[in-house]
Structures are given as C-alpha cells and as structure tokens.
Amino acid sequence: MQLETTPSTLSATVDTAPIRVLLVEDNAIEAKFLSADFAKRGGSEFSLETARTLSEAFAILENTSIDVILLDLFLTETYGLQTLSIVRERTPDVPVVVLTGLNDEAIALQALKHGAQDYLIKGSVDSCALFRVIRYARERRLVEAERRSLEQRSLQVRKLEALGTLAGGVAHNFNNILMAITGHAHLLLERSPDGDSKRHLDAIKRAATRASALTHQLLMFGHKETGQRIPLDLNRIVSNTEELIRSVLGHEIAVAFELAQKPVQISADPIQMQHMIMSLVLNARDAIAPGGRVDIRTEGIHADAGWQARLTIADDGCGMSEETLAHIFEPFYTTRGLAVAAGLGLSTIYGIVEYHSGKIRVSSVKGRGSAFEITLPGLGEPPAV
Amino acid sequence: MSSSDSRSHPLDLALFSERLEGDVELMRELASLYIAEYPGQLKELRLAVTGADAQRLRMAAHAILGTATNFSAKASARAARVLEAMGESGDISNAAEAADALAAELHQLRLALAAFLEDK
C-alpha cells in the first residue's frame, strides 16, 4: 500500500505556466535592459517582476509565487554575500541566480558555495544563457522538491510499517493475556460469588472487554487481524450507512452523496468498510463548525492495470496543518489529547486500506477543509470510468 | 586604451540596437533614462572620492560599470572598472584623476545618447 499525504500547498506546477522570475536590481538602467531581454526574447515562457530594494523584493515574495530570483549582489542597502544570505534566509526554497559584474567571478563562486544556484555576468548576459540558467534553476528546484517529498513519503510508509509490526505484535500477545483474564473472571463468576466479589469480577470482565476492543483496533492497524473479503458494491455500503451518517452529523451539518451511476464492485470486508466510512465521517464532523458540509463520493477511475474504485470523503472544516498531516496515520497520534481520543481512528483505517491492497490520500488546507481519498482495486467491469 | 578612439565612439550604436532588437522606442526610453540617472551616479562617485571612502567608491563605480556595459560603452566601462578595482583594493590615492577620466567618458556617452535622441 502506498501512503500519500499531500498538503495542497505543494500543488504541482502546471508545465505551461510561465516561469515567474523576480529581478532584484537597484540600477534602473540595468533592470530596464534585463526586462527588455525578457520582453524581446523570452516570449510567454517567463513573467518578470522587478524590485529595486530587498524590502520591495520581500513584499513581492509575500504576495506572489516566484520560481527564480535574479539577484544583484550589490544593492544600496546591502552588498556582496550579505545580500545573498538575507535572501536565502527569508526564502530558502526559491532558487537564487546571482548577477555579478564583469570581474566579480570570485564573489560569484563564493555565492555558489552559499546556496546560489548559478551566476550571470551583468551587462554582457547572452539572453540564451540567461533563459537557460533560469530554466535550469527552476527545474532543479522542482526535482529537489519532488525528491524530498518522495523521501518523506517513503519514510512515513516505513515508519507506519514498523509501528504496525510493533503494535500488532504487542496487541497479539496482549490479547492472549486478556483472554486469560476474561476466562478466569468468567470461571469465578460461574461459582456464584457473593455481592462484592461479583461486582469486582464484573468490573474486571468489563475492563478486559474494553481492553480487548482496543487491541483489536491495533491488530487491524498492524494488519494482523484479517477480515472476510467478499465481492461487494461500494455504493451499497455507502447507502446502507447513509442513515447512520445523517444521524451522527445532525441537522446542522449538510451531507451530499454523489455515488457512481453503476455498482462499484470491490472485494472487501463489509464491516471494515462501514467502520472506515463512519470513522472518516466522525472525523469530518469533529472538524466542521455548524453550517458546514460533508461530501461523500464513489467513482471508478482509470488505473495502470484495469480500474480502481475511489471513495472520497471531504469536509469544509478547519483543515489540518502540515505537521498534523505528517502524523495522522500513526497510532496514538491525536490532536484532541489522549484523554479524549485514543488516537486509533485513522491508524485503523490505514490498516484496513492496507489489508484491502488500497491507497489512502489526504489533502488538507488549514481553515478550508480536508479530503480523504481511498482507492481500492476494482472488481470485474468498471462502473463508468 | 586610446582615448581619442573611445571619444570618437563613446557608444556602439549598432550593438545597442542589436541588444534591443532595433526597438527604437525602447532605445530612446533607455537613453532618456541614462540622461536622467547619470548625474546621480556621477555625484555618488564624486562624494566617495572626496570622502576617501573606498567601499562607497567601489559601489558607485560598480553601478556605473553596469550601466556602461549595458550600453556597450566600452571606454566608460573600462574607466569605471579602474575605479572599482581601486575601491576593492582600498588604494584610492589616484581616484580623483581616475574619476575625472571616467566623468569625461560618461559625458561623451551622454552627448552620444542625446544626439541619438535628437536624431529622429
């Protein structure tokens, strides 16, 4: 199973969008010449913003998404590598191409060591070289961002696998011990104990049963508790749960169902599927203020091999921070405090999706809402892909 | 460097035009911009020299160098580079003469650009 936690802030760059360049140059004439280069020879490939000071540059960077900064190292307010470090500190993710004078190659080389992507000699810049350097700087940043995101995802998957093995192993052994506790309590209860002893034994049994329910959730996350996979229609599972969903969301939260026109056949455990849907709906409810809404959608989508069933549960609630997104599938991770929630809801869902050879993807924007997308291998004919 | 040569050609108009793809409007705009900016650049250079401030001299010469290079004004660029190097080294004992030489080149460049502006 592949885990994908994709904050929407890292949305993919559309290839056809122009490369947004910010030129920081205090010399109006040089800025004008460079702008002319972009206008005359850059076509629609680039869009250029210019700033004469660092403060102007930072104001632009705050409001506009910039792909590459072209930075003159010698500005009125700062000069040399100091200029570069200020920019790098404020915007570490935006690649910087340094503009230097004819005989400043020594500084240019130092700038490269301090994080500049490349340098250009001012005044004699060949526009082909200028555009190539900018394209390359942007490309490197995209590749770097992609590499970091892949690394992060792979790390998350490995971490969850390790946690699953550990949690599953502990839960399995713990469950055996709990069975002994429940069994012995049961045997003692059969001897018709007196009032006090019976009360204590009942309490032991109740506590052991609760503990057992918890270990079952852990077993599910650890992929040690398998279900019964049968062919079923995802639409039907959602429809059968509709009444329950409406009752937990109450009157103040709207819910919209958008189900595929034809049955969405999958091979799954119906109880686990229902558990997964309810758990996601409850999470959505907790994130939504009155007046909010939940959207539940089923559909068939194209996949490399055949087709896949996709279930989306989206809300317009408070959304999650990137920090939360990075941990949500870990057992015992909760934003509500362990006294309020066990922190097993999403890790159980993770286990269920993994058991069904599926994939779960989350996107969330703080203050705007979250969407969980679960894809599962489709069975038989696709509904209408 | 031959000053008589450079003074006769303070501006390589062909290169300037090529750089801007023959966009006369843009060339005129840049020429006007130079005429407006050049007194300020020169004043800053003079202040650096009189204040014996090597770093300021370096920066002022650097700005002029950038401008001159863009106009393909080779003689001005060379003279500015001399001053920039002085600022870098910290030895500005000959800066006053060098600044005079640069001012003369810049004046020629100004005249050439003004002539270009008048020549419709």
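Side-chain atoms are counted along with the backbone in the values below, which use heavy atoms only and exclude waters and symmetry mates. Numbered from 1 within each chain, the chains take letters A, B, ... in sequence-line order. Fair warning: this is a prediction, and the values are worked out from it, not measured in the lab.
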If one checks every heavy atom of Tyr38(B) against chain A at 4.5 Å, the contacting part turns out to be neither

What do you reckon, is CZ of Arg368(A) surrounded by more than 12 foreign heavy atoms closer than 6.0 Å?
-> no

Distance col, row Glu37(B):CD vs Lys32(A):NZ, nearest 0.5 angstrom, shows 12.0 Å

In this structure, CG of Asp37(A) is separated from CG of Asn70(B) (nearest 0.5 Å) by 8.0 Å

| Do other residues, nucleotides or ligands put more than 12 heavy atoms under 6.0 Å from Phe58(A) CZ? | yes

Q: Might you confirm whether atom CD of Glu25(B) has over 12 heavy atoms from other residues, nucleotides or ligands at distances under 6.0 Å?
A: no

Honestly, the part of Glu21(B) sitting under 4.5 Å from a heavy atom of chain A is both

*With side chains defined as the heavy atoms from C-beta onward, is the minimum distance between Gln41(B) and Asn27(A) less than 4.5 Å?*
yes

More than 12 heavy atoms of other groups within 6.0 Å of His327(A) NE2 = yes

Honestly, the part of Leu73(A) sitting under 4.5 Å from a heavy atom of chain B is neither

Okay, Leu30(B) and chain A: the region with an atom under 4.5 Å from a heavy atom over there is side chain

Cut-off 4.5 Å, heavy atoms of chain A, and the answer for Leu33(B) is both

Within residues 43-50 of chain B, the residues sitting under 4.5 Å from chain A by heavy atom, in sequence order, are none

(message) Can you tell me how the ring of Phe33(A) sits relative to the ring of Phe71(B), calling it parallel under 30°, perpendicular over 60° and tilted otherwise?
(response) perpendicular

dist Lys40(A):NZ -> Asp23(B):CG (nearest 0.5 Å) comes out at 3.0 Å

Residues passing the salt bridge (charged side-chain N to carboxylate O under 4.0 Å, His left out) test with Arg88(A), sequence neighbours excluded, are none

